[in-house]
2 protein chains.
Amino acid sequence: MHEFPSSLPPTANRLTRIRIVLVRTSHPGNIGATARAMHTMGLTRLTLVAPRHLPDRDAVALAARGAHILEAAQCVPSLDDALAGAALTIGLSGRPRQFAGRVLNVREAAQEAVRHAEHGDVAFIFGTEMSGLTNDELARCAIAATIPANPAYPSLNLAAAVQVAAYELRVAAAGDVVWSAPEHPRATYDEIEGLYSHAQRTLTAMAFLNPAMPKRLLPRLRRLFGRAALEREEVNILRGILARIDDLLGR
Amino acid sequence: MHEFPSSLPPTANRLTRIRIVLVRTSHPGNIGATARAMHTMGLTRLTLVAPRHLPDRDAVALAARGAHILEAAQCVPSLDDALAGAALTIGLSGRPRQFAGRVLNVREAAQEAVRHAEHGDVAFIFGTEMSGLTNDELARCAIAATIPANPAYPSLNLAAAVQVAAYELRVAAAGDVVWSAPEHPRATYDEIEGLYSHAQRTLTAMAFLNPAMPKRLLPRLRRLFGRAALEREEVNILRGILARIDDLLGR
């Protein structure tokens, strides 16, 4: 009944040119959860810089159906190795104090990443669970990306931060169109007026409406159903109810 | 040196009127991670509908500094209890097949939530880890919200989905302004021309530039530094380098 948009925009394949780089991650579980977050958004390339522990069984479990990303992940000793070949480097940062480059929110940074991915590789870099990227690491980035957050506690879990960034990358690359609800044809003017006439007759027959003293009843019904923007099927249902009342009154 | 925007917009406090509702959650860890995700975005109200297990030590650990949200969470037996008093109900759904209400992406749904929170309470509802909300549960929602995702694997971890929704709620309520980078005054026209003149003299003195046969050297330097939009301090650094070369040549 519902359909996804039949085709994704041509920028969608740029997600394959954007690598996620995790630097000195402490907990293998976060690496696994990162792989799952990436897969849910169509990102495929993961690079691990000197993780404290290599991905283990926990990591694979948390990766769920993103386990193939974990398996294909590159593991390198230094950030420089991870950034080789990247035409644009973006580092996630809570609040960079010492940073000479551009500071963007994660939405703008994702849009910039997708623009650059037309022509070259892009690296989106995440620091440690405890303290993020160091100033030296961030200095290797052209852009510092920030996730808007509660100033009193801006510390997202690492994989949660990757999920937000991956989500913004997907929206930037593939759009955020959701399939539309099934078409419910709207009722036409004459169908709706037919309903009101019917309602007036029946309500009168019920002695609920006194045509000599109608007060505000019909205008209120018009206001209610006008706001609801009646569909044809709904008009049919309401007229069916009225017709049933007519039957009962006629007995 | 850097400052957060000095004040949040008045809509920021609407986050306190938006409750996160988790329905029949299996894993206490996801409840804890949800509390953390909420706190990072300034959401405070959590309602648990018939969780399989009550929050345990794992949940508290994963809640990190959001543990107070876990502690204040309401636990109720049915979804109806959780929705009591809500003026707008939004259910997260992967791909609703049987849904009569509006289907919005999570960004639009968050904007709608914040608009409604001016006048009443809003509930944002998440189903189980395995299968989300049932059709019956979703039918109690006015809006089905969808997170744009990889059609081949749209299954975000529960707490990751909460993180994305909470992020969009925060952006909708409090904006996504990031503090600006420190002001680096741009160099003026005459400062930049002074640099080029100096460079021309020094490069000539170095016998790197032959004024009789300048080729394209100076235009190329103009192109490079023009693109970089030189700052005053950078002009000073470059002229300092040139002056040092002048000194060395003068010896």
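Within every chain, numbering begins at 1; the chains are lettered A, B, ... in the order of the sequence lines, protein sequences first and strands thereafter.
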**Prompt:** side-chain contact (heavy atoms from CB on, under 4.5 Å) between A:Ile147 and B:Met41: does it pass, once the steps are laid out?
**Reply:** CA-CA 10 Å; A:Ile147 297 178; B:Met41 295 296 150; 3.8 Å; yes

**Prompt:** Of all the residues in residues 156-168 of chain B, which have a heavy atom that comes within less than 4.5 Å of a heavy atom in chain A?
**Reply:**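 Residues in range: B:Leu156, B:Asn157, B:Ala160, B:Gln163, B:Val164, B:Tyr167, B:Glu168.
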
**Request:** Check whether A:Leu104 gets within reach of chain B through its side chain, its backbone, both or neither, counting any heavy atom under 4.5 Å.
**Result:**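 Looking at A:Leu104, just its backbone touches chain B.
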
**Item:** Options B:Thr40, B:Val106, B:Leu15, ranked by heavy-atom pairs under 4.5 Å with chain A, top entry
**Value:**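 Option with the greatest count: B:Thr40.
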
**Message:** Ignoring hydrogens, what is the shortest heavy-atom contact between B:Arg170 and A:Pro151? Give both atom names and the distance.
**Reply:**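 Shortest heavy-atom contact: NH2-CD, 3.5 Å.
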
**Item:** Of all pairs that satisfy ring-ring contact (aromatic ring centres under 6.0 Å, His included), the ones with a partner from residues 127-149 of chain A, not counting sequence neighbours
**Value:**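 Found none.
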
**Prompt:** Can you check whether A:Asn105's main-chain N or O pairs, donor with acceptor, with B:Asp176's side chain at less than 3.5 Å?
**Reply:**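 No.
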
**Prompt:** For B:Arg52, does the CZ atom sit with more than 12 other heavy atoms under 6.0 Å from it, leaving out its own atoms?
**Reply:**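 Open: at most 12 neighbouring heavy atoms sit under 6.0 Å from CZ of B:Arg52.
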
**Prompt:** What residues form a ring-ring contact (aromatic ring centres under 6.0 Å, His included) with A:His53, not counting sequence neighbours?
**Reply:**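 Residues passing ring-ring contact (aromatic ring centres under 6.0 Å, His included) with A:His53: none at all.
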
**Message:** Using the ring-ring contact (aromatic ring centres under 6.0 Å, His included) criterion, which residues pair with A:His119? Sequence neighbours excluded.
**Reply:**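 For A:His119 there are no ring-ring contact (aromatic ring centres under 6.0 Å, His included) partners, ignoring immediate neighbours.
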
**Prompt:** When only pairs under 4.5 Å are counted, which of A:Ala152, A:Gly175, A:Gly42, A:Pro148 shares the most heavy-atom pairs with chain B?
**Reply:**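 Among A:Ala152, A:Gly175, A:Gly42, A:Pro148, the one with the most close pairs to chain B is A:Pro148.
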
**Asked** Is chain A contacted by the side chain of B:Leu62, its backbone, both, or neither, given a heavy-atom distance below 4.5 Å?
**Response**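 Neither the backbone nor the side chain of B:Leu62 comes within 4.5 Å of chain A.
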
**Message:** Once rounded to the nearest 0.5 Å, what's the spacing between atom OG of B:Ser155 and atom NE2 of A:His39?
**Reply:**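 Going from the OG atom of B:Ser155 to the NE2 atom of A:His39 covers 9.0 Å.
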
